[in-house]
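All ligand and atom numbering here is 1-based and tracks the order in the structure. Residue numbers start at 1 and run along the sequence shown. Fair warning: this is a prediction, and the values are worked out from it, not measured in the lab.
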Amino acid sequence: MSTQAAAAPVPAPAPPAAARATGLSKVYGEGETRVVALDSVSVEFGRGRFTAIMGPSGSGKSTLMHCMAGLDSVSAGSARIGDTELSGLSDRRLTRLRRDSVGFVFQAFNLLPTLTALENITLPLAIAGRRPDREWLDTVVTTVGLSGRLGHRPAQLSGGQQQRVAVARALVTRPEIVFADEPTGNLDSRSGAEVLGFLRYSVRELGQTVVMVTHDPVAAAYADRVVFLTDGRVTDELHAPTADTVLHRMRLLGTGSPVTAG
Ligand code: ADP
């Protein structure tokens, strides 16, 4: 018989965050034009999670996303992607980090009109001088339902299809984190639901990490968690949201009327 005591169960460590803000402040202008856009924000974006950021206009949502994505500098505190602290990185390293570790989806799609859907999707790889991983490319293209449209140019695609190209482009490099800024803002509700479904699938089934800014409680309900900003501060958060619980929380926080609620 073994004399060794059974090892005590070790709790599984929390997975490291894909991105993290700590005491992050961002001030624009000075003197009379000074605006505190972010006021000591601390928030983590868990790996393999879908987080929505909500809050009224001017509450700092875009600023937080831009600071976390290395598109804007921080005034104080820290913004990290994985283990990398963004402040203090040279422009070259910041550009490389954005290229390799961050995917973007914008409200206005931002596709190149002269390139086909496939060329748009693989553009981040072409810029990085990387060959596409065929299997992953196929997964991404199939996930967003574009297999039959890869030779089309953006003008030959509907808004929903263009945004699906943009989602595929954001995923193609298997980034550490995808930031989506009002990705359904220009779409009808059916196309919007498709795009949100693909973002959620990329998190649940493909293990990606997505952070999405939205005004829409229905869109936020696709996320695992909602972080609420008010006047540049994190004022609340909600887990496993539904459109109703988000709407209710928005009313409690007095964060204004949502654009759509149904
Ligand atoms: P949201 O995305 O929630 O609408 P923003 O992050 O765009 O909010 O803005 C937060 C605050 O910072 C607002 O008061 C806005 O006017 C201000 N702000 C944002 N960008 C700039 C900038 N480039 N220069 C000056 N003020 C800015």
Engineer: Counting only heavy atoms from other residues, nucleotides and ligands, does the tally under 6.0 Å from CG of Asp231 exceed 12?
Structural biologist: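 Incorrect, the count does not exceed 12.
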Engineer: Checking a contact table here: which protein heavy atom is nearest atom 8 (O) of ligand 1, and how many Å away?
Structural biologist: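 Ranking protein heavy atoms by distance from atom 8 (O) of ligand 1, first comes Gly60 N, 3.2 Å.
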Engineer: Under 4.0 Å from a heavy atom of Pro56: which atoms of ligand 1 are those, numbered in the order shown and with their elements?
Structural biologist: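 What qualifies from ligand 1 is 3 (O).
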Engineer: Report the part of Thr63 in contact with ligand 1, treating N, CA, C, O as backbone and CB onward as side chain, heavy atoms under 4.0 Å; options are side chain, backbone, both, neither.
Structural biologist: both
Engineer: Say whether, by atom type as modelled, one donor and one acceptor occur between the side chain of Gln208 and the main chain of Gly48 under 3.5 angstrom.
Structural biologist: no
Engineer: Around atom 3 (O) of ligand 1, find the nearest protein heavy atom and jot down its residue, atom name and distance.
Structural biologist: Lys61 NZ, 2.8 Å
Engineer: Can you confirm whether the side chains of Asp216 and Tyr222 place a donor and an acceptor under 3.5 Å from each other?
Structural biologist: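 Judged by distance alone, the side chains do not pair up.
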Engineer: So, is Ala37 polar-close to ligand 1, with some N/O to N/O distance under 3.5 Å?
Structural biologist: no
Engineer: Can you tell me which residue among Met65, Lys61, Gln107 is in a side chain to side chain contact (heavy atoms under 4.5 Å, CB included) with Asp181?
Structural biologist: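 Only one of Met65, Lys61, Gln107 forms a side chain to side chain contact (heavy atoms under 4.5 Å, CB included) with Asp181, namely Met65.
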Engineer: Taking the side chain from Ser101 and the backbone from Arg98, do they hold a donor-acceptor pair closer than 3.5 Å?
Structural biologist: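 Checked: no pair found.
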Engineer: Right, does atom 23 (N) of ligand 1 have protein non-hydrogen atoms nearer than 4.0 Å?
Structural biologist: yes
Engineer: Does atom 15 (C) of ligand 1 have a protein non-hydrogen atom under 4.0 Å from it?
Structural biologist: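 No.
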Engineer: Considering the heavy atoms of Ser59, write down every atom of ligand 1 situated less than 4.0 Å from one of them.
Structural biologist: 1 (P), 3 (O), 8 (O)
Engineer: As an exercise, identify every atom of ligand 1 less than 4.0 angstrom from a heavy atom of Ser57.
Structural biologist: 4 (O)
Engineer: Donor-acceptor check, side chain of Thr122 to backbone of Leu125, threshold 3.5 angstrom: yes or no?
Structural biologist: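 Not a single qualifying donor-acceptor pair exists.
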Engineer: How close does the nearest protein non-hydrogen atom get to atom 17 (C) of ligand 1, and which residue and atom is it?
Structural biologist: Val35 CG1, 3.9 Å
Engineer: Any heavy-atom pair between the side chains of Leu187 and Phe109 that's under 4.5 Å?
Structural biologist: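 With C-beta onward as the side chain, the pair touches.
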Engineer: Any sub-3.5 Å donor-acceptor pair from Lys26's side-chain atoms to Ser73's backbone N or O?
Structural biologist: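 Side chain of Lys26 to backbone of Ser73, a donor-acceptor pair under 3.5 Å: yes, one is there.
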Engineer: For atom 13 (C) of ligand 1, find the nearest protein heavy atom and state the residue, atom name and distance (0.1 Å precision).
Structural biologist: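 The protein heavy atom lying closest is Gly58 O, 3.8 Å.
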Engineer: Considering only non-hydrogen protein atoms, determine which one is nearest to atom 27 (C) of ligand 1 and report residue, atom name and distance to 0.1 Å.
Structural biologist: Tyr28 CD1, 3.2 Å
